[in-house]
Structure formats: C-alpha cells, structure tokens
Amino acid sequence: METGEQAERACEHAKQLVPCEKNRLLIVDDEPGIRSIFKQILSASLPGCVVDVATNGAEAIESFKTGHHTVLLMDLHMPVMDGETAFRKLEELCETENREMPSVVFCAGYEPSYELHKVIANSRRHFILRKPVTNEMLLDTIKVRLEMNQETHSS
C-alpha cells in the first residue's frame, strides 16, 4: 500500500519523464540498400519527419541519446550489436534517464527470441514487420506509431 508521500514521488517522477522528439525516426540496419530505400520511402511520404540512420544497434543507442526518436525501425540481425540487444539497452537507458521509451518496429526475416516476442505481443507500442516488407506495410506501421505518440502527448 502506497503512502501519500510515495504516491506524490511517483507522480513527480512521471511528470519529469522526458518525451520523445515528435516526428523523428531512426532507421537501424546494416544493409546500405535497405537503409537508403527505407529513408527515401519515409522521407517522401512523411515530409514533416526527420529521418536519421544508424548501421547497428550500438550506433542506434548513441543516435537516440541525442535525437530521442519517436520511432525506431530496426533490423534484428546486425553486426556489432543486434536489434534485440539494442532494444534492451534502450529500455535501460530510458529507465535510468527517465526518458519516454520510443516505439520500436523490428524488421525481421526470422522469428525473434521468445522473450522479445512476449514483450512485443504484450505491447501496442512495439511491432514486428516480417520481411519482405511492402511500402504500404512500412508506412502504415510507422504512421500508427507516430499517431500513438501524438495521442500520448495531447492528453
């Protein structure tokens, strides 16, 4: 049972949550062609968005620290740091620095681990796109996550 003081601290903690930067996306993939195509599609279809890129999970973490992206479109299998490890590190970073967790859309040709699949299955925020991905599937999935972020900040 929470005391009044504990509830007040929890409320204060929630107030200080640093929100994601609106309309900022991060594409994380080790394949230059995929990064380029996804960036072209998203930049052309979402002109109000800033689209950044990273080549692996470690770069994604560093980019997120400065960009605090609303949505990350991330491959699961990459060198240096894979998508699942990067996701876990993002969760830790957001928790320790009191940042809002971005939506993470995994783009994968194979099934993620059971643990990650459970996290995604129990979340409206995160999603798995199965390769091959159509332009329409990509855009629809990203737009839904951007709209969710807008709704969160307008309440």
Side-chain angles (χ1 to χ4, degrees), residues 1-30 34-35 38-39 41-108 112-129 133 137-155:
M1 179 145 175
E2 276 190 345
T3 66
E5 188 176 312
Q6 287 172 326
E8 189 175 315
R9 268 188 271 146
C11 188
E12 187 63 32
H13 179 74
K15 287 181 200 171
Q16 295 173 359
L17 187 68
V18 178
C20 291
E21 189 172 319
K22 284 184 185 179
N23 299 321
R24 189 149 189 187
L25 311 173
L26 179 60
I27 298 167
V28 188
D29 201 296
D30 60 317
I34 291 174
R35 284 193 313 271
F38 283 173
K39 185 169 183 169
I41 293 167
L42 294 172
S43 295
S45 302
L46 303 169
C49 288
V50 173
V51 182
D52 297 320
V53 295
T55 63
N56 59 60
E59 283 184 18
I61 299 299
E62 290 307 310
S63 184
F64 179 78
K65 286 178 181 178
T66 58
H68 202 172
H69 304 83
T70 300
V71 179
L72 277 72
L73 176 61
M74 187 156 39
D75 189 16
L76 274 172
H77 183 71
M78 297 176 286
V80 182
M81 183 186 292
D82 64 44
E84 186 168 347
T85 302
F87 178 80
R88 299 290 180 211
K89 292 201 177 286
L90 276 174
E91 286 182 314
E92 290 172 19
L93 176 70
C94 289
E95 178 68 29
T96 58
E97 295 187 7
N98 205 27
R99 293 175 176 228
E100 178 182 13
M101 180 69 182
S103 292
V104 179
V105 176
F106 292 99
C107 194
S113 72
Y114 176 74
E115 292 80 18
L116 183 61
H117 189 74
K118 268 187 5 185
V119 167
I120 294 167
N122 292 319
S123 170
R124 288 179 0 131
R125 180 174 288 263
H126 310 301
F127 194 76
I128 298 175
L129 278 174
V133 176
M137 285 174 17
L138 175 67
L139 284 169
D140 288 348
T141 303
I142 298 298
K143 284 178 181 177
V144 165
R145 268 77 206 158
L146 287 170
E147 288 169 7
M148 287 171 62
N149 184 270
Q150 298 293 339
E151 290 169 6
T152 302
H153 294 160
S154 63
S155 343

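Sorted by first and then second residue, the salt bridge (Lys or Arg N to Asp or Glu O under 4.0 Å) pairs involving residues 75-87 (not counting sequence neighbours) are D75-K131.
Of all the heavy atoms in A60 and A54, the pair that sits closest is N-CB, 3.7 Å. Taking both residues in full, the closest heavy atoms of R24 and H69 are given as CG-CD2, 3.3 Å, listed atom of the first, atom of the second, then distance. Taking both residues in full, the closest heavy atoms of R145 and R125 are given as NE-O, 3.3 Å, listed atom of the first, atom of the second, then distance. D52 and S63 make their closest contact through CB-OG, 4.5 Å (heavy atoms, listed as atom of the first residue, atom of the second, distance). Taking all atoms of both residues into account, the shortest heavy-atom contact from G57 to A86 is CA-CB, 3.6 Å.
Separation of atoms CE (M101) and CZ (F64) is listed at 7.0 Å; rounding is to 0.5 Å. The CZ atom of F127 sits 10.0 Å away from the CD1 atom of I142 when rounded to the nearest 0.5 Å. From L26, atom CG reaches atom CE of M74 across 8.0 Å, with rounding to the nearest 0.5 Å.
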Side chain to side chain contact (heavy atoms under 4.5 Å, CB included) assessment of L42 paired with L138: CA-CA 8 Å; L42 294 172; L138 175 67; 4.3 Å; yes
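Without hydrogens or angle criteria, T96 side chain to L93 main chain gives a donor-acceptor distance under 3.5 Å. Looking at H68, its side chain does come within 3.5 Å of a backbone N or O of E100 through a donor-acceptor pair. The closest donor-acceptor contact from the side chain of R88 to the backbone of G83 lies at 3.5 Å or more, if one exists at all. Side-chain atoms of S103 do not come within 3.5 Å of backbone N or O of H126 as any donor-acceptor pair.
Under the side-chain contact (heavy atoms from CB on, under 4.5 Å) criterion, M137 pairs with L129, V133, T134, sequence neighbours left out. Annotation: salt bridge (charged side-chain N to carboxylate O under 4.0 Å, His left out) contacts of E62 (sequence neighbours excluded): K65. With sequence neighbours left out, A58 forms a side-chain contact (heavy atoms from CB on, under 4.5 Å) with N56, V80, M81. Residues passing the side-chain contact (heavy atoms from CB on, under 4.5 Å) test with V53 are I27, R35, K39, sequence neighbours excluded. For T55, the side chain to side chain donor-acceptor pair (under 3.5 Å) criterion is met by E59, not counting sequence neighbours.
In this structure, I128 and L76 have side chains that are not in contact, with every pair of non-hydrogen atoms separated by 4.5 Å or more. Between L146 and L25, some side-chain heavy-atom pair lies under the 4.5 Å cut-off. Taking 4.5 Å as the limit, every side-chain heavy atom of N98 sits out of range of all side-chain heavy atoms of V18.
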